[in-house]
Amino acid sequence: MASVARVMLDSPLPQLDRLFDYAIPPALASEVVPGVRVTAALRSERRIADGLVVDVGDTSDFDGALAPLESVVSPARVLAPEVWALARRVADRQAGSASDVLRLAIPPRSVAAEKKWLAREAPAVVPVGAVPAVEGYASSAVESAVDGRARVALRSIPGIVELPDGSSVGRWALTLAQAAARTVASGASAILAVPDYRDQEQLEAALRSVVPGELIASLDARRTRPQRYAAFLSCLDDVPRVIVGNRSVVYAPAAKLGLIALFDDGDPLFAEPLAPYAHARDVALIRQEQQSCAVMFAGHTRSVEVQRLIELHFLTELAPVPLVTPKVVPTVAQDPQSRGDAGRVPSAAFRVATEALQAGSVLVQVARPGYVSLLACRRCGQAARCTHCAGPLQLASSHALPSCAWCGRLAGGWACSECANNTYRMVTRGSGRTAEELGRAFPGTRVIVSDGERPVTLVDGEPRTLVVATRGAEPVAVGGYAAVILLDGERMLQRESLHVGDDCLRWWSNATALAAPGATTVLVGVGGPLAQALGLWQQHSYAAAQLIDRRALGFPPAVRVASVTGKPAAVQQALDALLEVPIRDVLGPAPVTADGPRTADGGLVRAVVRFDYAHGSEVATALRGAVLRGATGTRRPPAGQKRQRPAPTLRVKLDDPEIL
DNA sequence: AGCACGCCGACT
DNA sequence: GTCGGCGTGCTC
């Protein structure tokens, strides 16, 4: 019987981010096994911490007397050895704490769900029927990639498929489901990660058509806590499964992992907002290295990150055979004469839509509403101004009163300064407004609106139906749309970001992929390389060109970056720790202004460090050391001052996609 | 983060 | 002589 347990304590403190040895009391000897939750005293008998047993043994490197474990919380071995190895590596790479990663990897415990799971009968091995060949690619190309545990960038086939149960999903979902079915049929598990629940629903429907439902585990955050935990526990069974979920599913325990696949890895939802901020793509790559499974990045576009890995020959490109290229018509002409009756819709797009409405549904993609909905006098068109400071008036939401963008005062009893009229109209419009206008422009059509607040997942695809959707909220149409109109491209491109181009191309490509075979997509008001990439369905060419630009500028993913935020002294201390590390350069430190609610007290600064992939671990180690010193060497303010917040600890973020 | 240990000022 | 103030440092 082992007498020493090595325990990872559940604490975000960087000082505690290492294993602690505890003596195993004889009474607990049979229960203390790797992976179980335990409690243990920390520094005093009165302070009990939660922890996870990583390992057991008979010796300890610790010089002092070992404290005994307090209790075993449950016999469920929730921390699988490979998940521990993954968490440690991810934390080290991100200069963060393993327990922070484990909090993402192991969902909150539900006692009821756990009891039920512990009392279950041994899970039966469900045979997977014959898996049909993955169609649309070179003969058994996808199968070989899965079987050979390859690393591939898969170009998804645009279009919609109808499943045997009558539902319609994106064709990408069926491809991934078949790859997963192949994996399970060979006796291994597959992890499939998607950006959001709408993608997940499609993928689950596709999966149900190719593997028995008992083998599918869905780890989505939309379910209740017990449901989530039950699904997590089912992954611990020694039975190959298909595990589906959002970004954190890449940490799921999986019996004999054979495949990790991400769909649309360029979606910002794959970037983890919680410390240590590891991107699901990076986690998948680490895990594939540790467990020698296949890894697959599928999508209708190519992220610059994946393009880089292809050019390094780390990933192999897998394209459909024959290539499937949707028909895309860019319309750059913006002269007012060419506009049709719908005002915003140029006549070319108007014609396409009118004709297509006879055959089926038409998708109109619009920008997200509510950036700023400025107001103008309904009668004379004069911009509505605040009576107090003359600032522009705006609507925060459709039911809000107009308010001033400058001073924030509500403008309840507004009247036009020019003509004294007291009714206004919106100058920029959201999806609802667009829908109203389009409904008038296309008489006799049914208008369906889908946006972030009220998303629609599926429409029937019947003729004379106009579906107005904000980018990212486009419903799937049975049989595919008869036409797709990408309306607000110009406006989408106005966002100030390093990735506007990539993002827009992704939004447009994903909408285009919802079209029926042979249907036309019209890209309104955009020309240049983006329109060309979409028109030729060569998103990879755009990504390759972007990568060249990023290399020239020294931007990610050509280089890696780390941001260091904190009090000036703490940031300087961190930069000093990097003096011996071969980094490229340091940008800043510069004062942080619009970073969160605390602006007044902080005086925070941020520096950005750029470095090469080859020196990632050295940079992470040095920054981790600085974080540790910042946490332990907390000098309290000199006596006399009231208890001030402890000095803002150093915040280190590696590969933040929003940086620069 | 907690919590204990430690080294200086006013108390029965 | 010791009770307790808070500054410092560690946590198996």
Side-chain angles (χ1 to χ4, degrees), chain A residues 1-29 31-73 79 81 84-85 87-88 91-92 94-104 106 108 274-277 565-567 569-570 573-574 577 596 598 601-602 604 623-652:
Chain A
M1 282 287 173
S3 59
V4 176
R6 273 173 273 285
V7 176
M8 186 70 214
L9 296 170
D10 179 20
S11 162
L13 294 175
Q15 311 90 297
L16 303 183
D17 182 33
R18 57 200 166 87
L19 298 182
F20 287 81
D21 291 351
Y22 282 89
I24 302 175
L28 299 179
E31 297 170 58
V32 178
V33 291
V36 296
R37 266 186 240 267
V38 291
T39 62
L42 183 60
R43 192 84 170 79
S44 84
E45 295 286 314
R46 291 168 44 186
R47 192 178 160 200
I48 303 297
D50 292 326
L52 292 160
V53 174
V54 167
D55 201 3
V56 296
D58 288 307
T59 57
S60 170
D61 293 337
F62 184 63
D63 291 336
L66 299 186
L69 283 178
E70 165 91 7
S71 70
V72 175
V73 174
L79 178 60
W84 164 248
R88 188 64 272 170
D92 289 344
Q94 301 294 121
S97 297
S99 65
D100 283 339
V101 179
L102 291 179
R103 212 161 302 127
L104 300 170
I106 304 173
L274 298 174
Y277 317 107
T565 313
K567 287 253 173 85
Q573 186 251 114
R598 62 167 108 97
D601 77 315
L604 297 183
L623 290 176
R624 185 63 177 165
V627 169
L628 225 104
R629 252 166 289 138
T632 49
T634 304
R635 302 272 172 267
R636 284 205 186 124
Q641 287 187 36
K642 288 285 173 190
R643 61 164 66 158
Q644 198 178 306
R645 258 166 197 266
T649 47
L650 211 53
R651 201 182 68 182
V652 172

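Naming: A, B, ... by sequence-line order, numbering from 1 per chain.
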**Prompt:** Can you name the salt bridge (Lys or Arg N to Asp or Glu O under 4.0 Å) partners of A/Asp92, sequence neighbours left out?
**Reply:** A/Arg88
**Asked** By salt bridge (Lys or Arg N to Asp or Glu O under 4.0 Å), which residues pair with A/Asp10, not counting sequence neighbours?
**Response** A/Arg103
**Complete:** Hits for side-chain contact (heavy atoms from CB on, under 4.5 Å) against A/Ala87, two or more places apart or cross-chain, chain-then-number order -> A/Val101, A/Leu102
**Complete:** Residues of residues 94-101 of chain A with a heavy atom under 4.0 Å from any atom of DNA chain B, listed by number, are none
**Request:** Applying side-chain contact (heavy atoms from CB on, under 4.5 Å), name anything that partners A/Phe20, two or more places apart in sequence or on another chain.
**Result:** A/Leu9, A/Leu16, A/Arg18, A/Tyr22
**Request:** Under the side-chain contact (heavy atoms from CB on, under 4.5 Å) rule, collect the residues that match up with A/Pro108, sequence neighbours excluded.
**Result:** A/Arg225, A/Arg228
**Request:** Sequence neighbours left out, what pairs pass salt bridge (Lys or Arg N to Asp or Glu O under 4.0 Å) with at least one residue falling in residues 39-50 of chain A?
**Result:** none
Show me the donor-acceptor pairs, under 3.5 Å and distance only, between side chains in residues 52-73 of chain A and residues at least two apart or in other chains.
| residue | atom | partner | partner atom | Å |
| --- | --- | --- | --- | --- |
| A/Asp58 | OD1 | A/Ser3 | N | 3.3 |
| A/Ser60 | OG | A/Asp21 | OD2 | 2.5 |
| A/Ser60 | OG | A/Phe62 | N | 3.0 |
| A/Ser71 | OG | A/Thr39 | OG1 | 2.6 |

**Request:** Take the protein atom CG of A/Asp17 and the nucleotide atom C1' of B/dA1, then report the distance between them rounded to whole Å.
**Result:** 15 Å
Which pairs, protein N/O on one side and nucleotides 10-12 of chain C N/O on the other, fall under 3.5 Å?
| residue | atom | partner | partner atom | Å |
| --- | --- | --- | --- | --- |
| C/dC10 | O2 | A/Arg43 | NE | 2.8 |
| C/dT11 | O3' | A/Arg43 | N | 3.3 |
| C/dT11 | O2 | A/Arg47 | NH1 | 3.4 |
| C/dC12 | OP1 | A/Tyr22 | OH | 3.4 |
| C/dC12 | OP1 | A/Ala41 | O | 3.3 |
| C/dC12 | OP2 | A/Arg43 | N | 3.1 |
| C/dC12 | O3' | A/Asp21 | O | 2.8 |
| C/dC12 | O3' | A/Ala67 | N | 2.5 |
| C/dC12 | O3' | A/Ala67 | O | 3.4 |
| C/dC12 | O2 | A/Asp21 | N | 2.8 |
| C/dC12 | N4 | A/Arg18 | NH1 | 2.9 |

**Prompt:** Can you tell me if A/Asp17 uses its side chain to pair, donor with acceptor, with the backbone of A/Ala98 under 3.5 Å?
**Reply:** yes
**Message:** A/Ser97 vs A/Arg624, test: side chain to side chain contact (heavy atoms under 4.5 Å, CB included). Steps then yes/no.
**Reply:** CA-CA 9 Å; A/Ser97 297; A/Arg624 185 63 177 165; 3.1 Å; yes
**Item:** Over all atoms of both residues, closest heavy-atom pair of A/Pro276 and A/Gly96
**Value:** CB-CA, 3.9 Å
**Request:** Pull out every residue in residues 48-59 of chain A that has a heavy atom closer than 4.0 Å to any atom of DNA chain B, ordered by number, or say none.
**Result:** none
